[in-house]
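Take a look at the structure below.
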There are 2 protein chains.
Amino acid sequence: MAQEKQDAETKIKEAARRVFLAQGYEGAKMRQIAEEADVNLAMINYYFRSKEQLFNSIYAETFGQFIGQVMQLINEPTPLEVKIWKIVDRYTDFLIDNPLVPSFILSKQRVNGGEFLKDMDVRGQIEKSVFKKQLVEEAEKGNIRLTDPLQVITAILGCLVFPIMAQQVVSYVGGLDEAGFREFMESRKQFVPEMIMAYLKSG
Amino acid sequence: MAQEKQDAETKIKEAARRVFLAQGYEGAKMRQIAEEADVNLAMINYYFRSKEQLFNSIYAETFGQFIGQVMQLINEPTPLEVKIWKIVDRYTDFLIDNPLVPSFILSKQRVNGGEFLKDMDVRGQIEKSVFKKQLVEEAEKGNIRLTDPLQVITAILGCLVFPIMAQQVVSYVGGLDEAGFREFMESRKQFVPEMIMAYLKSG
DNA sequence: GTCTATATCGTGATAGAC
DNA sequence: GTCTATCACGATATAGAC
């Protein structure tokens with residue numbers, strides 16, 4: 001019951017987000033967005049000048065949320081092992097709720113993804129992140145092995161993002177229905193942290 | 001110097017493969033394929049009846065190669081640990097040479113990917129694969145912990161496929177140029193097997 | 001701000017000569 | 001088999017009334 005009567009701009013953005021996420025830039029049609037927003041086609045060009053600008057607006061927002069999510073998790077002031085479990089847990093939930101986000105972000109990535117990254121200073125953020133510091137400090141203390149933080153982060157993200165993007169394949173191979181796939185992702189919340197910690201504590 | 005003068009059908013297929021891989025189904029234009037194949041636009045419709053049939057032809061071929069690659073690696077009659085190192089090594093090389101294949105395969109996946117999987121009996125192949133047998137047998141012998149093979153395979157694939165798909169992001173965050181990224185993937189050939197083995201031998 | 005009507009162009013596909 | 005010319009359609013975008 002929040003706001004039955006949204007303004008046109010909001011309705012357009014929400015519809016555009018749905019359509020772009022599902023169909024991609026080329027696959028998305030302005031007509032479909034207009035229809036789903038329950039708005040005239042001309043209205044979209046009134047609020048946003050073009051399809052491309054509409055897309056960029058959606059993309060920047062989605063990308064920002066995504067990166068913000070990762071940054072926040074990485075910088076939480078909890079001990080390393082607890083944090084890894086928490087990152088995986090929260091991030092998995094996010095992906096289950098937003099399964100189309102990864103492919104959406106990666107789709108335009110090779111076109112102009114670099115700009116967004118620079119604008120948000122993603123590199124600096126990660127460079128000075130609590131997570132990276134912890135990996136170095138714990139290694140110096142001899143609690144874990146010394147590793148490239150980028151390898152670790154990429155492993156965590158890949159282990160969670162990939163099955164989401166390849167849900168159909170994973171489900172088919174494992175003979176899983178929709179509930180079965182969710183179970184698979186749930187048990188991944190345990191598998192992935194255990195794997196990461198096993199590696200860090202080995203060698 | 002193999003075949004300077006290819007027949008039109010082959011030239012079209014090769015051009016279509018390049019364009020579809022780079023642009024996706026919607027983004028690819030028949031005119032561009034024709035130009036890159038150095039062939040008239042009408043020729044494409046002569047050999048393949050429509051854009052969709054051309055795409056399906058390319059997709060089936062690419063998907064088949066990809067799955068074949070995985071199947072072959074998984075079924076090699078080498079001991080488990082050696083095999084894991086080998087799978088990662090070969091598969092990484094394949095991805096470096098074909099970085100666009102994963103997103104291409106996953107792009108149409110939610111549309112009709114299921115059919116291809118059934119046609120190739122991917123599920124049966126994996127079910128009776130040497131790799132799965134080995135995971136079970138080694139666990140029974142007490143050499144490794146008991147795990148869901150699907151979790152392990154998904155981890156390996158995710159750890160390798162994700163950085164390839166997200167090359168721009170990874171490179172940016174790590175401050176890597178193209179050579180640096182290749183190095184990153186090379187060192188991943190060691191990181192990933194060590195991580196998997198550390199997990200299997202732990203617990 | 002919101003609508004209808006329309007301009008303009010790019011697309012996949014085909015007809016038909018050679 | 002290969003070409004040129006063209007159709008038919010759907011796309012984005014805009015003009016202009018209200």
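With rounding to whole Å, E26(A) atom CD is found 12 Å from dT11(C) atom C1'. Atom-to-atom, CZ of R49(B) to C1' of dA15(C) comes out at 16 Å; the value is rounded to the nearest Å. I44(B) places its CD1 atom 13 Å from the C1' atom of dT11(C), with the value rounded to the nearest Å. If you measure from atom CG of L41(A) to atom P of dT8(C), you get 17 Å, rounded to the nearest angstrom. The CG atom of N40(B) sits 13 Å away from the C1' atom of dA15(C) (whole-angstrom rounding). Distance N45(A) CG to dT4(C) C1': 15 Å, rounded to the nearest Å. Whole-Å rounding puts the K51(B) NZ to dG12(C) C1' distance at 8 Å.
Residue contacts shown for F48(B) are absent, as no nucleic acid heavy atom lies under 4.0 Å away. Within 4.0 Å of A28(A), counting heavy atoms only, lie sugar-phosphate atoms of the nucleic acid but no base atom.
If you walk DNA chain D from 5' to 3' and mark each nucleotide with an atom closer than 4.0 Å to a heavy atom of chain A, the marks span dA11(D) to dT14(D).
Side-chain contact of Q69(B) with Q65(B): a donor-acceptor pair under 3.5 Å is absent, judged by distance alone. For the residue pair S202(A) and E194(B), no side-chain donor N or O sits within less than 3.5 Å of a side-chain acceptor on the partner.
Centroid-to-centroid, the aromatic rings of F191(B) and Y199(A) come within less than 6.0 Å.
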Review point. Between R17(B) and T62(B), is a side-chain hydrogen bond (donor to acceptor under 3.5 Å, both in side chains) present by the stated rule, with each step listed?
Key: CA-CA 9 Å; R17(B) 195 181 135 86; T62(B) 306; 2.9 Å; yes
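Across the interface with DNA chain C, nearest-nucleotide mapping of Y46(B) and A8(A) shows A8(A) to be the residue nearer the 5′ end.
None of F104(B), F63(B), F48(B) except one satisfies the ring-ring contact (aromatic ring centres under 6.0 Å, His included) rule with F55(B); the exception is F104(B).
We find that E186(A) and K189(A) are joined by a salt bridge, their nearest charged nitrogen and carboxylate oxygen being less than 4.0 Å apart.
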